[in-house]
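Below is one structure, written out as structure tokens; the observations come after it.
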Protein chains: 2
Amino acid sequence: MADVARIAGVSHQTVSRVLNHHPNVRAATRDRVLAAIQELGYRRNLSARALVTRRTNTLGVVAFDTTLYGPASTLFGLEQAARDAGYFISIVSLKTINRKTVGEALDYLAAQAVDGLIAIAPQVEAAAAVSALEGTVPVVAVEGGEAGGMPVVAVDQVHGAELATRHLLDLGHRTVWHIAGPVDWLEAEGRRNGWRAALEAAGVEVPPVAEGDWSPRSGYEAGRRIADDARAGRATAVFVANDQMALGLLHALHEAGVRVPQDVSIVGFDDIPEAEFLTPPLTTVRQDFAEVGRKSIALLLDLIDTGPSAAAERIVVPPVLVTRSSTSPPATI
Amino acid sequence: MADVARIAGVSHQTVSRVLNHHPNVRAATRDRVLAAIQELGYRRNLSARALVTRRTNTLGVVAFDTTLYGPASTLFGLEQAARDAGYFISIVSLKTINRKTVGEALDYLAAQAVDGLIAIAPQVEAAAAVSALEGTVPVVAVEGGEAGGMPVVAVDQVHGAELATRHLLDLGHRTVWHIAGPVDWLEAEGRRNGWRAALEAAGVEVPPVAEGDWSPRSGYEAGRRIADDARAGRATAVFVANDQMALGLLHALHEAGVRVPQDVSIVGFDDIPEAEFLTPPLTTVRQDFAEVGRKSIALLLDLIDTGPSAAAERIVVPPVLVTRSSTSPPATI
DNA sequence: GGGTCATGTGTGAACGTTAACAAACCGGGT
DNA sequence: ACCCGGTTTGTTAACGTTCACACATGACCC
């Protein structure tokens, strides 16, 4: 910076002013400084800047298994939005999520002195660990449920599940079965609640819930059990908490000789790119992950700039039902 | 740090020494310093440290569409390995990849003064843009082909494709068709070359190549054309450049009434979690993305510590064939 | 024509760490 | 008692910014 100043014939402070778009600098001077910067290929040192401003311009993200479609997509949206806003992103992805690993992740990010934190904390435990951190640094939870009364951006899981369940009910099914996600996941809980609410609103019987772990395998295993109920005519419609498990279910039903949608209708959740090309193409609930990412960053930056807002905000992104061929009216026997 | 020094009754420099595990510090003194650190909950300021050491302890990663299973998994491995080594990771994911966007991404990371760079640059163009950067900062390309003679860590695509093709040939198929990835992708090129090499080594005819864009949709579209060849008995085996396209192909064949594997055998590439639960379960080539991530970080850190090694290294991770039910000997007519 | 004000620029001191050097200490050999 | 070498500690000066302030300059008003 001193070199630039010398070449432009000004003080280092003026260079700094140009760099920070300070208004009080004459156009001619600015041009001279800019030219000198260009000439030297000068780049300001962000460490020095961070040292004095106490802002690192970095946002931390704690995520769980970024290999899954949902988190990966959210992360992608987050990253784009942060970059557009001139922020850097530092990520920690965890393979197992519990108070300890989340704690370590937060520690790690704290060491980096991030200006703010986004926690993709879809688990009860994780949400708790994150909310413990409130006050120290601005935090926004993504898909974080209601936990801890901190700012949250989330897709309306309950509503999505209701859409799916009502769609099946509207087609004429007497009731809808459910393969849920892991109990300790907030998203799984939301979807389960939405499903139950829709059934109860319709005044129909609530079948037992099968529980999976989001993986195709768990969907397959649940599917083998449901296949029996399907053959007995007890189950004619299933709402599955995510598309991967729906894929496993599809496979199990096929093996068991149960036809979809003739014998059993299926609705998934997420709308992964594969959904449209399964056999049959899967009716599912689409989440706008990119939008969630953008909204989260916007909320976090707002929090950073204006300090903790009085009310813990909760921003909800609506899901939409995508109807394909895995659902149809029940066969009239 | 001054506070810690005061409480421990030493100079700030001694505190620094303790923090950096300098050998020449008496055990008693170290304990006192450690106690003071504990008491104050002191954390060293990384910006100040970076300012004077000229090391940010941050690694940059340029990735393409981290929503895809492959890149997402690699990223995950990368992140784990970097964290274990005490490095931070800064990511830029691009939606479109060309010289301009890659250039911007590199600029962005350069602004951050990363100590090293990992480029998941599976495209010809991207690899070129990255190699232009060599010399400035240590760079390792992941899946970067041979481009530019820079250090590369990659799965042996050619070998993987040969495995898949030979498997089909060994089952008794007269030849193997291929749905390839986009031409400008190095991975697609490697798989195509391996496929062709295996066919030529066996001295069999090389059918025309269908080209997709990795998406299930493109696999589906290619599949509709291949279905005709299958019905005519010309195509009895297909090697698809990734699992997602294989899924699309599966759907197209099902629609066309072509049975897998009785009429057509299929081998994919990647071994996505869904592969095992498709109908039928997909034979595919598994890539160890986590290993690629680990090896990349190891190589990069080596480069950072010991300076540019004389020979541009090329580390190859072997893929393995996973045999499931989508392949069988051809029907004997 | 002197005060006031806005605008543009320069000066010096932080920020919190590590590097380089200097000094004090300690034990052992002569 | 002396010196010598190694170990432990302290002192000072960077690193490259921004901030707070002070100082010019010119325009405007009474």
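What you see is a predicted model; the values in this text were computed from it and never measured. In the text below, chain A, chain B and the rest are named by the order of the sequence lines, each starting its count at 1.
Atom CZ in A:Arg49 sits about 17 Å away from atom C1' in D:dC15, given to the nearest Å. Taking atom CZ of residue A:Arg54 and atom C1' of nucleotide D:dC19, one finds them 12 Å apart after rounding to whole Å. If you take CG of A:Leu46 and P of D:dG16, they are 13 Å apart, rounded to a whole angstrom. In this structure, B:His22 places its NE2 atom 13 Å from P of D:dG10, rounding to the nearest Å. Following rounding to the nearest Å, B:Asn20 (CG) and C:dA20 (C1') show an atom-to-atom distance of 15 Å. Protein atom CZ of B:Arg55 is 19 Å distant from nucleotide atom C1' of C:dG16, rounded to whole Å. With rounding to whole Å, B:His12 atom NE2 is found 8 Å from D:dG10 atom C1'. Whole-Å rounding puts the B:Asn57 CG to C:dT17 C1' distance at 14 Å.
In this structure, of D:dT18, D:dG10, C:dT17, it is D:dG10 that holds the atom nearest to the side chain of B:Gln13. Checked against C:dT9, C:dG10, C:dT17, the side chain of A:Val10 finds its nearest nucleotide in C:dG10. Here the side chain of B:Asn24 is nearest to one of D:dC19, D:dT7, C:dT17, namely D:dT7. Across C:dT18, C:dG16, C:dT9, the shortest atom-to-atom separation from the side chain of B:Ala48 is found for C:dG16. Taking only side-chain atoms of A:Thr14, from C-beta outward, the nucleotide of C:dG10, D:dG16, D:dT18 with the closest atom is C:dG10.
At least one side-chain heavy atom of B:Leu19 sits less than 4.5 Å from a side-chain heavy atom of B:Tyr42. Inter-residue side-chain proximity for B:Ser11 and B:Thr14 is flagged as met; some heavy-atom pair is nearer than 4.5 Å. A:Phe88 places none of its side-chain heavy atoms less than 4.5 Å from the side chain of B:Thr58. Counting heavy atoms from C-beta outward, B:Val114 and B:Leu59 have side chains that stay 4.5 Å or more apart. Proximity of A:Trp185 to A:Glu143: side-chain heavy atoms (C-beta onward) are nowhere separated by under 4.5 Å. Side-chain contact check for B:Glu104 versus A:Arg83: every heavy-atom pair is 4.5 Å or farther apart.
Remark: B:Ser16 is in phosphate contact with C:dT18, judged by side-chain N or O atoms under 4.0 Å from OP1 or OP2. In this structure, A:Arg44 does not reach the D:dT17 phosphate: none of its side-chain N or O atoms is under 4.0 Å from OP1 or OP2. Close to C:dG16, at under 4.0 Å from its OP1 or OP2, lies no side-chain N or O of B:Arg43. Close to D:dT9, at under 4.0 Å from its OP1 or OP2, lies a side-chain N or O of B:Arg26.
Comparing the local axis fitted to the first five base pairs of the helix from C:dG1-D:dC30 to C:dT30-D:dA1 with the one fitted to its last five gives a bend of 50°, rounded to 10°.
Residue-to-nucleotide proximity on DNA chain C shows that, of A:Arg32 and B:Asn45, the 5′-proximal contact is made by A:Arg32. Sequence order on DNA chain D of the closest nucleotides to B:Leu51 and B:Thr29 puts B:Thr29 first from the 5' end.
A donor-acceptor contact under 3.5 Å is formed by the side chain of B:Arg17 with the base of D:dG10.
Residues that satisfy the side-chain contact (heavy atoms from CB on, under 4.5 Å) test with A:Arg49, not counting sequence neighbours, are A:Asn20, A:Arg44, A:Leu46, A:Thr53, A:Asn57.
A salt bridge links A:Asp107 and B:Arg43; the closest N-O separation between the charged side-chain nitrogens and carboxylate oxygens is under 4.0 Å.
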